[in-house]
Novice: 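Structure incoming, see below.
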Amino acid sequence: MIYLYALGFSFVVVFLLVPVVRAAALKIGFVDRPSKRKVHSSPIPLSGGLAIYAGVIFTTWLFQGDSPILRALALGGGVLVAVGLLDDSFKSRGRDFPVWPRLIVYIGVALIPSAFGIQIAGISAPSRSAMILFSPGWAAFFTLLWVFALINMLNFIDGIDGLASGVSVISSFTLFVASLIEGQVVTALIGVALAGSCLAFLVYNFHPARIFMGDAGATFLGYTLAVTAINGTLKGATFLSLLVPVLALGVPFLDTIIVFSRRLLEGKGLHRADNLHTHHSLMRWGLTQVQTVSFLYLIAAVFSLMSIVILLMLR
């Protein structure tokens, strides 16, 4: 029952906080203004990331108490939310925040889980009878690579109403189930805290959105999903079970592969914002925002079910 209580508590916290941070953002003009690349036609508050961060961290602390993974999430997530709010403040003034300072911060934050002992420690054989342990340096490198990638991938898909928050609900529920199967009680609780927070935010973020999570929320979600996946299924994964977290986060991975491939073919910088994302393509083909998001939810659910099936096959 503790998981159900944590789910409900995180939902209530974010559900009550969103109107507060939304009103504050409107009062100070902290909004995302329309542009050629964006699909909304009126200014939308950008403060949703604060509510999501508070919901996840407070719920995890209340139901689980202090732990290395909570410290990693609170510290790394706090830095990302702060930098994300700075980035969002530039957006609210019609300016772009420089990319390189953000990337440096993302790399620094991606090192934080290793500092708290949360690492991809090695790869075991399919039978789990033997394991290749990484050296501390390689373990930190692979962990950094995974966390850095997810921070950016969730940020990439946050382009239309309800997409990043809805996909995060599906992914976090999947990691919750995977953590339960693997006997990772702490990680399972973080999974439901994240799911409840994103589900509450989705109430306000589904089309037509009344608030956006901004870079602060999207990068925090990517970081939290990445750390949760490491603690739940990636610490000593087999070659086959590596597919579990990858499929659980299938939509961000798929979108990133498609976008980077298109940018390379068109000779564009990989970090340049554009309208080559999957959701942009689906809308150009005639789908509405709701239809586009619903289709990508379906894809995310299929990927998630595949990841659970693979994990059960390996038991």
Side-chain angles (χ1 to χ4, degrees), residues 46-61 66-91 96-121 134 136-158 164-165 167-168 171-172 175 186-187 190-191 193-194 197-198 213-235 245-246 248-249 252-253 256 270-271 273:
L46 279 165
S47 51
L50 282 170
I52 296 173
Y53 175 81
V56 173
I57 299 302
F58 185 49
T59 301
T60 302
W61 172 79
D66 189 26
S67 66
I69 190 170
L70 175 60
R71 294 181 185 182
L73 291 178
L75 177 58
V79 172
L80 289 172
V81 169
V83 173
L85 289 173
L86 180 61
D87 188 357
D88 293 335
S89 72
F90 273 68
K91 287 191 184 76
D96 289 326
F97 189 68
V99 65
W100 291 111
R102 278 185 294 155
L103 292 180
I104 292 170
V105 170
Y106 295 168
I107 291 171
V109 168
L111 289 168
I112 289 175
S114 294
F116 287 93
I118 302 165
Q119 287 185 320
I120 302 173
F134 299 140
W138 282 111
F141 173 75
F142 288 125
T143 302
L144 181 152
L145 198 62
W146 170 260
V147 175
F148 179 82
L150 263 296
I151 288 172
N152 286 282
M153 286 179 185
L154 259 293
N155 206 11
F156 289 161
I157 68 167
D158 185 30
S165 50
V167 167
S168 294
S171 296
S172 53
L175 292 175
V186 172
T187 312
I190 294 171
L194 183 60
S197 298
C198 291
M213 66 176 67
D215 277 21
T219 54
F220 172 67
L221 287 183
Y223 176 74
T224 305
L225 287 168
V227 174
T228 304
I230 292 171
N231 209 60
T233 61
L234 273 179
K235 276 187 174 179
V246 172
L249 298 157
F253 271 96
T256 301
L270 295 181
H271 64 283

Novice: Of the non-hydrogen atoms in Pro252 and Thr256, which two are nearest, and what is the gap between them?
Specialist: O-OG1, 2.8 Å

Novice: I need the Leu111 CG to Leu144 CG distance, nearest 0.5 Å.
Specialist: 4.5 Å

Novice: Return all side-chain donor-acceptor pairs below 3.5 angstrom for residues 67-77, not counting sequence neighbours, or 'none' if the list is empty.
Specialist:
| residue | atom | partner | partner atom | Å |
| --- | --- | --- | --- | --- |
| Ser67 | OG | Gln64 | NE2 | 2.5 |
| Ser67 | OG | Leu70 | N | 3.2 |
| Arg71 | NE | Asp66 | OD1 | 3.1 |
| Arg71 | NE | Asp66 | OD2 | 3.1 |
| Arg71 | NH2 | Asp66 | OD2 | 2.5 |

Novice: Can you give me the closest heavy-atom contact between Met213 and Ala218, atom names plus distance?
Specialist: SD-N, 3.4 Å

Novice: Sequence neighbours left out, what pairs pass salt bridge (Lys or Arg N to Asp or Glu O under 4.0 Å) with at least one residue falling in residues 112-121?
Specialist: none

Novice: Please state whether the rings of Phe220 and Tyr53 are parallel, tilted or perpendicular, taking 30° and 60° as the class boundaries.
Specialist: perpendicular

Novice: Check whether any side-chain heavy atom of Val79 sits under 4.5 Å from a side-chain heavy atom of Val105, and report yes or no.
Specialist: yes

Novice: Heavy atoms only: give me the nearest Ile118-Thr143 pair and the separation to one decimal.
Specialist: O-CG2, 3.7 Å

Novice: Measure across Ser172 and Leu194 and return the closest heavy-atom pair with its distance rounded to 0.1 Å.
Specialist: CB-CD2, 3.8 Å

Novice: Is there a donor-acceptor contact under 3.5 Å from the side chain of Ser171 to the main chain of Ser168?
Specialist: no

Novice: Minimum heavy-atom separation for Ile112 and Tyr223, please, with both atom names.
Specialist: CG2-OH, 3.7 Å

Novice: Considering residues at least two apart in sequence or located in another chain, which fulfil the side-chain hydrogen bond (donor to acceptor under 3.5 Å, both in side chains) criterion with Ser114?
Specialist: Gln119

Novice: For Phe148, give me all partners under ring-ring contact (aromatic ring centres under 6.0 Å, His included), at least two apart in sequence or on another chain.
Specialist: none

Novice: Could you tell me the separation between the OG atom of Ser47 and the CD1 atom of Ile52, rounded to the nearest 0.5 Å?
Specialist: 10.5 Å

Novice: Pair up each side-chain donor or acceptor in residues 54-61 with any protein partner under 3.5 Å, not counting sequence neighbours, and list the distances.
Specialist:
| residue | atom | partner | partner atom | Å |
| --- | --- | --- | --- | --- |
| Thr59 | OG1 | Gly55 | O | 2.6 |
| Thr60 | OG1 | Val56 | O | 2.7 |

Novice: Answer whether the closest heavy-atom distance between the side chains of Phe253 and Leu150 falls below 4.5 Å.
Specialist: yes

Novice: Are the side chains of Leu154 and Ile157 in contact, using a 4.5 Å heavy-atom criterion?
Specialist: yes

Novice: For the OH atom of Tyr106 and the CG atom of Asn152, what is their distance to the nearest 0.5 Å?
Specialist: 6.5 Å

Novice: Measure the spacing between CD1 of Ile120 and CZ of Phe141 and express it to the nearest 0.5 Å.
Specialist: 10.5 Å

Novice: Check step by step if side chain to side chain contact (heavy atoms under 4.5 Å, CB included) holds for Val83 and Asp87.
Specialist: CA-CA 6 Å; Val83 173; Asp87 188 357; 5.5 Å; no

Novice: Does anything in residues 215-225 form a salt bridge (Lys or Arg N to Asp or Glu O under 4.0 Å)? List the pairs, not counting sequence neighbours.
Specialist: Lys91-Asp215, Arg102-Asp215

Novice: I'd like to know if the side chain of Trp146 and the backbone of Ile230 have a donor-acceptor N/O pair within less than 3.5 Å.
Specialist: no

Novice: Any side-chain donor-acceptor pair under 3.5 Å between Thr219 and Asn155?
Specialist: no

Novice: Locate the shortest heavy-atom distance separating Gly214 from Leu46; write the atom from each residue and the value.
Specialist: CA-CD2, 3.9 Å

